[in-house]
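This report refers to the structure that appears directly beneath it.
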Amino acid sequence: MSAGGTTAPSTSARLRRLPRRFYRRDPRVVAPELLHKVLVHRRRAGRIVEVEAYCGGEDPASHTFRGPTPRNVTMFGPPGGLYVYFTYGLHWCANAVCGEEGQGVAVLIRALAPLRGVDLMRADRPAARADRDLCSGPAKLCQALGLDGTFDGADLVRADHGVTICDDGAGPPEVIANGLRIGLSVAGDRPWRWWAGGDPNVSRLR
DNA sequence: ACCGGGATGTTCT
DNA sequence: GAACATCCCGGTG
């Protein structure tokens, strides 16, 4: 198989942006459906192979659990927004806002299989030894795609700043795996992580 | 391969 | 002052 492993390669089918109604649902429904869709920033793109759902007021691990703050306003905004937050003093992570406006629910994008603009990804991620290291983590993929805090609040449906999520007709993964979320000190018991089974670009186990 | 620790600074208690 | 939806590097086996 190609360097993308079990991941479906880029197709010649036209890329179609996901409509607002796709996001306007429970993040636990949206998350697995986002697998094998394509996250695009201008010339760079990757196929989504790992996601996690964050569920607002019922989820102690969600940034919105305790209500609105200056940081999380985007997550309380309309579905289809891009919520980008800063963590551990150096890293950015990106989410697709879901549900209804005011709910504060979203899907964290945790890993991509690189599809386009790999030359630019390598330039922005000198630490990556192999291509599977380019986007195999939520902060890695933001670095690889050139996403940071200036993209917080961008509308994926309108492709603000050239950022959007598309369906390229690849279809869902052959195997959709499901398990516990990663890196949490609370609510680590909720099985709200999904990934493309067998894909080498999924973030490393811990 | 696996494991441990340091980097680095915003956010909220 | 502590926590943090992480990553990288250098140690050891």
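Basis for what follows: all heavy atoms, side chains included, without hydrogens, waters or symmetry-related copies.
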### Message
Rounding to an integer number of Å, can you tell me how far A:F65 CZ sits from B:dC12 P?
### Response
15 Å
#### Entry: Nucleotide C:dT6, atom P - distance to CD of A:E50 in whole Å
10 Å
## Note on the structure
Assert: residue with more 5' nearest nucleotide on DNA chain C, out of A:S185 and A:L141, is A:S185
### Query
When rounded to the nearest 0.5 angstrom, what is the spacing between CD in A:E52 and CG in A:L180?
9.5 Å
### Message
Any carboxylate oxygen within less than 4.0 angstrom of a Lys/Arg side-chain nitrogen, looking at A:E58 and A:R28?
### Response
yes
### Task
Taking only the side-chain nitrogens and oxygens of A:R66, find out if one of them lies under 4.0 Å from OP1 or OP2 of B:dT11.
no
### Query
CG of A:L134 versus C1' of C:dC7: gap in Å, rounded?
14 Å
### Summary
Of the candidates B:dT11, C:dC8, B:dT10, the side chain of A:F86 sits closest to B:dT10
### Task
Check the distance between C:dT6's C1' and A:I182's CD1 and give it to me in whole angstrom.
11 Å
### Message
What is the separation between atom CD on A:E52 and atom C1' on C:dC4, rounded to the nearest whole Å?
### Response
14 Å
### Task
For A:R129, answer base if it contacts any base atom (sugar-phosphate contacts may also be present), sugar-phosphate if it contacts only those atoms, and nothing otherwise; contact means non-hydrogen atoms under 4.0 Å.
nothing
### Task
From the options A:L134, A:D124, A:L120, A:L112, select the one residue that forms a side chain to side chain contact (heavy atoms under 4.5 Å, CB included) with A:L145.
A:L112
### Task
Return no unless some side-chain N or O of A:R193 is found under 4.0 Å from OP1 or OP2 of C:dA5.
no
### Query
When we call it a touch if two heavy atoms are under 4.0 Å apart, what does A:A61 touch: a base, just sugar-phosphate, or nothing?
base
### Message
So, taking the atom named SG in A:C142 and the one named CD1 in A:I109, what distance separates them when rounded to the nearest 0.5 Å?
### Response
8.5 Å
### Nearest-neighbour nucleotide for the A:P70 side chain, C:dT6, C:dA5, B:dC12 considered
B:dC12
### Stepwise salt bridge (Lys or Arg N to Asp or Glu O under 4.0 Å) test for A:R125 and A:D131
CA-CA 10 Å; A:R125 276 192 51 67; A:D131 283 357; over 6 Å; no
What side-chain donor-acceptor pairs closer than 3.5 Å can you find for residues 157-164 of chain A, not counting sequence neighbours?
unit_1 : atom_1 : unit_2 : atom_2 : d
A:R158 : NE     : A:D160 : OD1    : 3.3
A:R158 : NH2    : A:D160 : OD1    : 3.1
A:R158 : NH2    : A:D160 : OD2    : 3.1
A:D160 : OD2    : A:D155 : N      : 2.8
A:T164 : OG1    : A:L156 : O      : 2.7

#### Entry: Separation of atom OH in A:Y85 from atom C1' in C:dA3, rounded to whole Å
13 Å
### With A:Y85, the side chain to side chain contact (heavy atoms under 4.5 Å, CB included) member among A:N72, A:N95, A:T74
A:N95
### Salt-bridge contact A:K37-A:D168 (side-chain N to carboxylate O under 4.0 Å)
no
### Message
Heavy-atom count check: over 12 atoms from other residues, nucleotides or ligands less than 6.0 Å from A:R43 CZ?
### Response
no
#### Entry: Stem regions touching DNA chain C, defined by at least 3 consecutive Watson-Crick or wobble G-U pairs below 3.5 angstrom
B:1-7 with C:6-12, B:9-12 with C:1-4
### Query
What integer distance in Å separates A:R71:CZ from B:dT13:C1'?
13 Å
### Task
Please state how far atom CD in A:Q143 lies from atom P in C:dC8, giving the value in whole angstrom units.
7 Å
### Linked, directly or transitively: A:I165 and A:L35 (ILVMFWY side chains, under 4.5 Å)
yes
#### Entry: Distance test, side-chain N/O of A:T69 to OP1/OP2 of B:dT11, below 4.0 Å
no
### Message
Any residue in residues 87-100 of chain A with a heavy atom nearer than 4.0 angstrom to DNA chain B? Just list them by number, or reply none.
### Response
A:Y88, A:G89, A:L90
